[in-house]
S.K.: 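Provided herewith is a single structure, encoded as structure tokens, for subsequent inquiry.
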Amino acid sequence: MNIIGTVQEMQRYSEALRNSGKRVAFVPTMGYFHDGHLSLMREARKRGDCVVVSIYVNPTQFGPSEDLDKYPRNFERDRQLAEDAGADVIFFPSNAEMYPEHYQTYVNVEEVTKNLCGLSRPGHFRGVATVCAKLFNMVKPHLAIFGKKDFQQLVTIKRMVADLNMDLEIVGMPTTREQDGLAMSSRNVYLSPEERQSALCLSRSLKKAKELFDQGERDAGRILDEITGYIEGVPSTRIDYARICSTTTMKDIDRLEDESVMALAVFVGSTRLIDNYVFGEELNIE
Ligand code: AMP
């Protein structure tokens with residue numbers, strides 16, 4: 001396992017791999033690994049000759065009152081887990097490497113970032129798109145793997161890659177869940193035992209929405225009324241958003257005619273959790 005800390009070393013390493021005909025598979029992360037991250041690494045192992053995992057808690061995607069400083073970190077634990085999942089390289093750059101003095105260039109994906117997390121977290125997707133563009137230029141991957149748990153992020157990155165003619169494939173992987181349905185997230189460690197119980201309202205809402213859809217319901221408002229009514233009755237929760245959107249435009253829709261996604265962001269205590277369900281897909285919740 002190779003640990004690389006500088007941009008120059010990362011670029012040289014990847015260039016050499018590419019020149020020798022090796023396929024570079026990349027998994028960008030903010031670390032503090034759980035099984036969701038590891039599922040992306042295992043997929044990368046299947047699809048590439050060399051698996052590069054980046055660990056970087058990117059300050060430009062956090063708002064001023066968000067959890068940048070307290071975001072959980074444990075490099076030694078992550079290193080071991082990544083190695084066991086088949087990673088060859090951990091790219092672990094410093095803030096000075098990523099955003100040196102005089103840094104001033106940002107990527108704005110205009111439309112698909114407007115709704116949902118774009119409304120609640122101004123500047124978030126500008127930070128995400130920028131750091132991913134930079135990481136792609138550093139790691140030079142043939143493919144990069146993202147989780148569908150961050151659905152709007154995946155749509156944003158796919159849009160950026162298409163619009164800027166970036167020469168790599170973007171792969172989306174299903175959400176890995178705890179046994180009781182809670183989507184795995186590095187932020188779940190913030191939850192108290194009572195909040196952990198309340199957090200199940202997200203996955204239970206997805207299941208409920210799927211059931212309504214499977215029974216033939218196509219009215220977005222009726223599905224959302226049911227879901228918000230349910231979540232509002234769960235202790236310690238506050239809905240940030242509950243919306244049904246087109247998976248192409250990420251705009252709200254009234255009827256579930258084309259491909260659509262229900263996206264939820266709910267504060268449980270002070271922890272903001274997200275989850276989503278693409279209508280018509282399988283849902284791995286008991
Ligand atoms: P993060 O470290 O939270 O930035 O996440 C790094 C990558 O892991 C992103 O592509 C996420 O979408 C993905 N990811 C996070 N949680 C999960 C999960 N529960 N299942 C699958 N992928 C996930």
Side-chain angles (χ1 to χ4, degrees), residues 25-47 51-63 66-68 70-75 77-79 81-82 85 87 90-93 98 116-117 121 124-125 127-136 139 141 143-161 168-191 196 199-200 202-203 206 261 263-265 271-278 281-285:
F26 177 39
V27 181
T29 81
M30 299 203 298
Y32 210 71
F33 295 151
H34 49 66
D35 241 5
H37 296 114
L38 303 181
S39 74
L40 309 190
M41 295 177 209
R42 289 189 204 105
E43 184 66 20
R45 183 72 279 159
K46 283 189 211 151
R47 290 175 181 249
V51 174
V52 179
V53 175
S54 65
I55 300 178
Y56 182 60
V57 182
N58 172 38
T60 66
Q61 71 189 67
F62 285 79
E66 291 182 355
D67 58 344
L68 172 63
K70 71 165 188 165
Y71 197 83
R73 294 162 168 91
N74 187 338
F75 183 78
R77 173 177 170 275
D78 283 352
R79 193 195 62 73
L81 288 170
I90 293 185
F91 180 45
F92 185 52
M98 292 300 278
L116 307 176
C117 291
R121 306 183 68 188
H124 171 66
F125 288 115
V128 167
T130 301
V131 81
C132 286
K134 287 167 66 62
L135 287 166
F136 294 163
V139 175
L143 70 142
I145 306 190
F146 290 82
K148 291 185 185 168
K149 185 195 152 235
D150 300 278
F151 190 81
Q152 192 177 16
Q153 168 173 284
L154 175 62
V155 171
T156 301
I157 298 303
K158 281 187 172 165
R159 195 67 262 151
M160 173 184 79
V161 164
L168 78 161
E169 180 192 354
I170 302 297
V171 176
M173 290 292 291
T175 301
T176 304
R177 300 179 177 281
E178 303 286 356
Q179 232 167 14
D180 59 8
L182 178 68
M184 289 192 180
S185 164
S186 305
R187 289 188 168 102
N188 290 348
V189 294
Y190 299 150
L191 299 169
R196 172 68 182 74
L200 291 175
L202 287 100
S203 54
L206 305 187
V261 59
L264 301 178
T271 306
R272 184 175 173 281
L273 301 176
I274 59 171
D275 208 339
N276 68 82
Y277 172 59
V278 175
E281 288 196 348
E282 288 297 303
L283 190 58
N284 51 347
I285 298 172

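A quick note: this is a predicted structure, and the numbers were derived from the prediction, not measured. For ligands, and for the atoms within them, numbers begin at 1 and follow the listed sequence.
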S.K.: Which option wins on minimum heavy-atom distance to atom 20 (N) of ligand 1: L182, I145, T176?
M.R.: T176
S.K.: Checking Y277 now: which residues fulfil ring pair (Phe, Tyr, Trp, His ring centres under 6.0 Å) with it, not counting sequence neighbours?
M.R.: F279
S.K.: Are any of the N/O atoms on G147, whether in the backbone or the side chain, positioned under 3.5 angstrom from an N/O atom of ligand 1?
M.R.: yes
S.K.: Closer than 4.0 Å to some heavy atom of P28 - which atoms of ligand 1 meet that?
M.R.: 6 (C), 7 (C)
S.K.: Touching ligand 1 at all, M173? Heavy atoms, strictly under 4.0 Å?
M.R.: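 Under 4.0 Å: no for M173.
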S.K.: Given 3.5 Å as the limit, does a donor-acceptor pair link the side chain of Q152 with the main chain of C117, or not?
M.R.: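 Such a contact is found between Q152 side chain and C117 backbone.
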S.K.: Quick one: is the NZ or CZ of K134 closer than 6.0 Å to the six-membered ring centre of Y56, and within 45° of its axis?
M.R.: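 No, a cation-pi geometry is absent between K134 and Y56.
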S.K.: Report yes or no: does H34 have a heavy atom closer than 4.0 Å to ligand 1?
M.R.: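 True for this residue.
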S.K.: With a cut-off of 4.0 Å, which atoms of ligand 1 are near a heavy atom of F146?
M.R.: 10 (O)
S.K.: Regarding R187 and the six-membered ring of Y71, is the cationic atom NZ or CZ under 6.0 Å from the ring centre and inside 45° of its axis?
M.R.: no
S.K.: What do you reckon, does H37 have a nitrogen or oxygen under 3.5 Å from a nitrogen or oxygen of ligand 1?
M.R.: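 H37 vs ligand 1: N/O contact under 3.5 Å present.
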S.K.: Taking both backbone and side-chain atoms of M184, is any N or O found less than 3.5 Å from an N or O belonging to ligand 1?
M.R.: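 Yes, M184 has an N/O under 3.5 Å of an N/O on ligand 1.
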S.K.: So, is T175 polar-close to ligand 1, with some N/O to N/O distance under 3.5 Å?
M.R.: no
